[in-house]
J.: 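Let me begin by handing over the structure; questions about it come next.
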Amino acid sequence: MRISFYGACREVTGSNILIEENGHKIILECGNFQGSKFAEEKNYSAFSYDPKSIDTVIIGHAHLDHTGRLPKLIKEGFTGKIYSTPPTKELTRLVLEDSEKLMREESEKNHHAPLYSKEDVIKVIRQFETITYNQTVNLNNEFKLTFKNAGHILGSAITVLDIGSKRLIYTSDLGNTPSLLLDSPQIIEAGDYLICESTYAARVHEDLNKRTEKLAEVINSTIINNGVLLIPSFAIERTQEMLHDIEHFCNVQNCEKPKFFLDSPLAEKVTAVFGQFPDYLSEKLNKTHYDKDFFGLDRLHLISSVEESKNIKSIPNPKIIIAGSGMMNGGRILFHAMDYLGNKNNILLFIGYQAFGTLGRRIYEGEKEIKIYGKKIKINAQIKAIGSYSAHADQPQLLNWINNVKNLKKIFIVHGENEQALEFAKAINSKFKIIADIPQLGETFYL
Ligand SMILES: [Zn+2]
């Protein structure tokens with residue numbers, strides 16, 4: 001077996017792995033690169049293989065850094081099936097449609113051709129074939145595929161590939177536990193090779209139980225200061241978890257005063273997808289809350305048009321605005337940031353990973369003056385973060401999960417910045433005495 005790494009190598013985005021055995025070629029994910037100034041260049045550059053020669057693509061979950069180059073792959077000749085779970089197919093459709101629209105607007109502004117078209121996105125969705133967790137399919141004579149719940153976002157899957165007598169496991173992204181919305185990642189009892197994500201692999205998340213306390217603190221201080229709470233949010237999962245926690249807060253405390261806005265048409269559509277797939281929600285949620293409005297949609301002002309988004313400004317404080325994008329590298333959050341970051345009574349609350357090079361990361365790391373669309377903004381607002389909203393496992397969770405996988409001969413560490421991956425490799429070596437490799441972009445291994 002030959003395995004080549006063409007993305008998410010010593011960085012967090014661009015997942016793309018090629019596996020070859022006896023002439024069959026399978027791709028694990030086809031994500032786009034995000035964040036750095038080289039990201040766009042990398043997205044536009046040619047694949048390191050001929051898309052026409054690929055038999056099958058497997059998608060672990062719908063995030064753009066795992067799906068964003070699928071339309072380019074199809075545009076350049078890939079005609080095979082794309083396997084995922086049913087919610088992943090639905091969410092991939094939403095994120096690709098959204099990304100195509102943003103890209104088209106951007107490329108019209110900058111006078112260059114977009115990476116792909118609406119038609120390419122339609123073709124991608126047509127090529128999807130869905131299977132549920134624990135169902136096994138023969139992809140060809142060599143490869144057998146089974147998905148297990150990864151607990152990361154709705155429909156997310158760990159890929160288990162049985163290739164002849166060898167078993168290869170790919171985590172895609174592994175969830176942070178316990179999650180109220182999703183069940184914990186499933187245990188895989190044995191495997192020969194593991195490709196493991198490492199987004200937070202050198203960290204320990206803060207206590208999950210503290211997050212509702214912290215959120216209550218932030219909302220209360222917004223009310224007391226008659227301010228604005230801005231939450232840059234990722235459309236999938238974190239927005240829904242945040243909505244669920246706000247609903248819980250409002251059940252305990254009085255929420256008469258602040259107005260709550262969800263200013264993200266994508267997040268609104270994604271929230272509706274959660275309702276379509278109750279089987280993929282956690283057992284706990286299904287048992288205790290499913291008949292209730294567990295996202296508090298009755299209270300929420302759902303903002304669709306740009307006009308409505310601009311009108312939020314005229315509504316008196318206190319206000320709580322959840323808007324994309326999560327790393328502030330685009331989206332409506334930027335317009336709210338221009339309006340509100342200058343005032344010390346306001347709060348900017350980060351609830352997710354901020355990739356290197358993004359505006360979110362720069363503000364999080366303490367920059368006091370930024371530029372948005374050419375306008376200088378002095379940051380006087382309070383900058384806060386709640387780490388436990390992360391949808392990724394931390395180091396103890398990753399090591400515990402790996403501990404259950406017997407017979408491992410080698411672990412490949414992907415999807416993490418260099419420091420996280422290096423620390424994680426050390427931890428794996430000392431705990432399991434297994435070789436952990438951190439592949440370079442384009443590196444090939446023979447197994
Ligand atoms: Zn992800």
Side-chain angles (χ1 to χ4, degrees), residues 7-9 11-17 27-35 39 43 57-70 82 84-85 87-96 98-99 133 147-159 169-177 179 181-186 195-201 203 205 232-242 266-267 270 273-274 280 324-327 329 350-356 358 360-361 387-394 397-398 401 413-417 420-421 424:
C9 297
E11 64 176 319
V12 173
T13 60
S15 292
N16 193 221
I17 302 164
I27 291 281
L28 293 177
E29 304 190 320
C30 197
N32 66 357
F33 294 93
Q34 299 166 347
N43 289 332
V57 175
I58 296 166
I59 297 293
H61 69 282
H63 276 148
L64 262 188
D65 56 333
H66 298 255
T67 57
R69 282 187 294 160
L70 280 173
I82 303 167
S84 81
T85 65
T88 296
K89 176 184 174 184
E90 202 42 37
L91 293 174
T92 301
R93 183 175 70 76
L94 293 179
V95 296
L96 289 181
D98 184 70
S99 143
Y133 296 142
F147 282 139
K148 299 280 179 181
N149 173 30
H152 169 62
I153 63 167
L154 187 74
S156 63
I158 299 162
T159 295
I169 304 161
Y170 173 47
T171 58
S172 193
D173 287 347
L174 211 61
N176 184 11
T177 52
S179 142
L181 303 181
L182 306 174
D183 286 325
S184 299
Q186 274 178 277
I195 306 168
C196 189
E197 72 124 327
S198 59
T199 314
Y200 281 122
R203 303 223 199 140
H205 289 321
S233 193
F234 299 83
I236 312 176
E237 213 65 33
R238 244 130 333 152
T239 293
Q240 290 75 30
E241 289 204 9
M242 173 64 57
L266 177 60
V270 168
V273 175
F274 275 68
Y280 287 80
S325 70
M327 300 188 203
N329 48 347
F350 289 111
I351 57 165
Y353 181 78
Q354 303 297 309
F356 185 75
T358 57
R361 175 76 162 250
S388 46
Y389 275 104
S390 166
H392 292 267
D394 62 6
Q397 291 173 4
L398 285 168
W401 184 83
I413 300 172
V414 295
H415 213 277
E417 285 172 15
Q420 300 285 320
F424 190 38

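Please read these numbers as outputs of a predicted model, since none were measured by experiment. Remember, it's 1-based here, ligands and their atoms both numbered in the order they're listed.
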J.: What protein N/O/S atoms are found closer than 2.8 Å to the Zn ion (ligand 1)?
T.: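 Protein N, O or S atoms closer than 2.8 Å to the Zn ion (ligand 1): His61 NE2, His63 ND1, His152 NE2, Asp173 OD2.
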
J.: Ser156: what forms a side chain to side chain donor-acceptor pair (under 3.5 Å) with it, not counting sequence neighbours?
T.: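 Result, side chain to side chain donor-acceptor pair (under 3.5 Å) vs Ser156: none returned.
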
J.: Would you call the rings of His392 and His152 parallel, tilted or perpendicular if under 30° counts as parallel and over 60° as perpendicular?
T.: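 Aromatic pair His392/His152 classed tilted.
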
J.: Is the distance between the ring centroids of Tyr353 and Tyr200 less than 6.0 Å?
T.: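 Yes, close enough.
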
J.: Can you tell me how the ring of His66 sits relative to the ring of His63, calling it parallel under 30°, perpendicular over 60° and tilted otherwise?
T.: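 His66 vs His63 ring planes: tilted.
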
J.: Would a line drawn from the ring center of Tyr389 to the ring center of Phe350 be shorter than 6.0 Å?
T.: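 Ring centroids of Tyr389 and Phe350 are no less than 6.0 Å from each other.
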
J.: When rounded to the nearest 0.5 angstrom, what distance separates CD1 in Ile413 from CD1 in Ile195?
T.: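 Taking CD1 in Ile413 and CD1 in Ile195, the distance rounds to 12.0 Å.
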
